[in-house]
Amino acid sequence: LYAPLLPLNLLDFFDAPMPYIVGVCREALAQKAAPDDAIVIDLDNATLAGNLAAVTPLPALVADRMYTALSNASSPLQFKSDAPPRPAAA
């Protein structure tokens, strides 16, 4: 299941008994901690947290296809942004 941005009123979704990828704002994690078995990727700080040793690696072909798809999807964001730069975090 994929939800690009999970609204604050649906934070109980974290307890769903299935694999999922969700986007949440920092305030959401302040209100409800991520599950113990979650891998948290902080895009603002480029960090990973969680039990990475428990993650089963993807087969090489699947990983290569995913990497290519994500690289292609992120290219417009990296090179064609008209948005002003974000201010540095305080």
Answer yes or no: is there a side-chain heavy-atom contact under 4.5 Å between [X] and [Y]?
X   : Y   : answer
N45 : R26 : yes
Y2  : V22 : no
D15 : K32 : yes
L48 : V40 : no

#### Entry: Exam field: side chain D42 to backbone D44, donor-acceptor pair closer than 3.5 Å
yes

### Co-membership, hydrophobic cluster, residues F13 and L29, 4.5 Å side-chain
yes

### Query
Are L52 and I41 joined in one hydrophobic group, where the rule is that I, L, V, M, F, W and Y side chains link up if heavy atoms are under 4.5 Å apart?
yes

### Task
Please work out whether the ring planes of F14 and Y20 are parallel, tilted or perpendicular, with thresholds of 30° and 60°.
parallel

Nearest 0.5 angstrom please: [X] [atom1] to [Y] [atom2], how far?
X   : Y   : atom1 : atom2 : answer
L8  : C25 : CG    : SG    : 4.5 Å
N51 : I39 : CG    : CD1   : 6.5 Å
L58 : R65 : CG    : CZ    : 12.5 Å

### Task
Quick one: list whatever passes side chain to side chain contact (heavy atoms under 4.5 Å, CB included) with D64, sequence neighbours left out.
none

### For D37, all residues meeting salt bridge (Lys or Arg N to Asp or Glu O under 4.0 Å), sequence neighbours excluded
none

### Query
Should the heavy atoms of other residues, nucleotides or ligands under 6.0 Å from CG of N9 be counted, would the total exceed 12?
yes

